[in-house]
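This structure is a prediction, so every number in the text was calculated from the model and none was measured.
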Amino acid sequence: SAELAEQLRALPPPAALAANHTTLQSTIDLATASANEALAGLRSTDTGEVRNNAVDAYVQAAADFNTELTNTHNVANANA
């Protein structure tokens with residue numbers, strides 16, 4: 001997730017996709033943070049609550065990223 005976030009951050013979006021690009025970046029950043037929190041939970045003495053919440057947050061962020069990727073694709077096709 002972190003590598004994808006950095007690659008996405010490095011891409012300059014076309015003007016028509018700027019808003020979508022920002023949303024994509026936000027969702028992949030959230031997924032990266034959630035994955036890191038889940039790993040931290042695995043390494044901690046936490047009972048699993050923090051880890052489970054982080055995994056749930058990651059799953060949601062990944063779904064949000066997928067949705068926004070579809071939206072971006074649709075906008076790109078409409079502007080082609």
Worksheet, complete the sentence: For L17, the other hydrophobic cluster members (4.5 Å side-chain criterion, sorted by chain and number) are V75
Worksheet item: Between L69 and H73, is a side-chain contact (heavy atoms from CB on, under 4.5 Å) present by the stated rule, with each step listed?
Response: CA-CA 6 Å; L69 194 58; H73 181 263; over 6 Å; no
Worksheet item: T27 and side chain to side chain contact (heavy atoms under 4.5 Å, CB included): which partner among N66, T67, D64, T22?
Response: D64
Item to complete: Nearest 0.5 Å please: distance from the CG atom of L11 over to the CD atom of E6.
Response: 11.5 Å
Ignoring hydrogens, what is the shortest heavy-atom contact between [X] and [Y]? Give both atom names and the distance.
X   : Y   : answer
T72 : N20 : OG1-CB, 3.1 Å
A57 : S34 : CB-OG, 3.3 Å
T32 : A2  : OG1-N, 3.5 Å

Item to complete: Measure from the side-chain N and O atoms of E68 to the backbone N and O of L24, and report whether any donor-acceptor pair falls under 3.5 Å.
Response: no
Worksheet item: Just by modelled atom types, is the L8 backbone N or O under 3.5 Å from a matching donor or acceptor in the H21 side chain?
Response: yes
Worksheet item: Does the side chain of R9 reach to within under 4.5 Å of the side chain of I28, using non-hydrogen atoms?
Response: no
Worksheet entry | Exercise: do Q60 and D56 side chains pair donor with acceptor under 3.5 Å | no
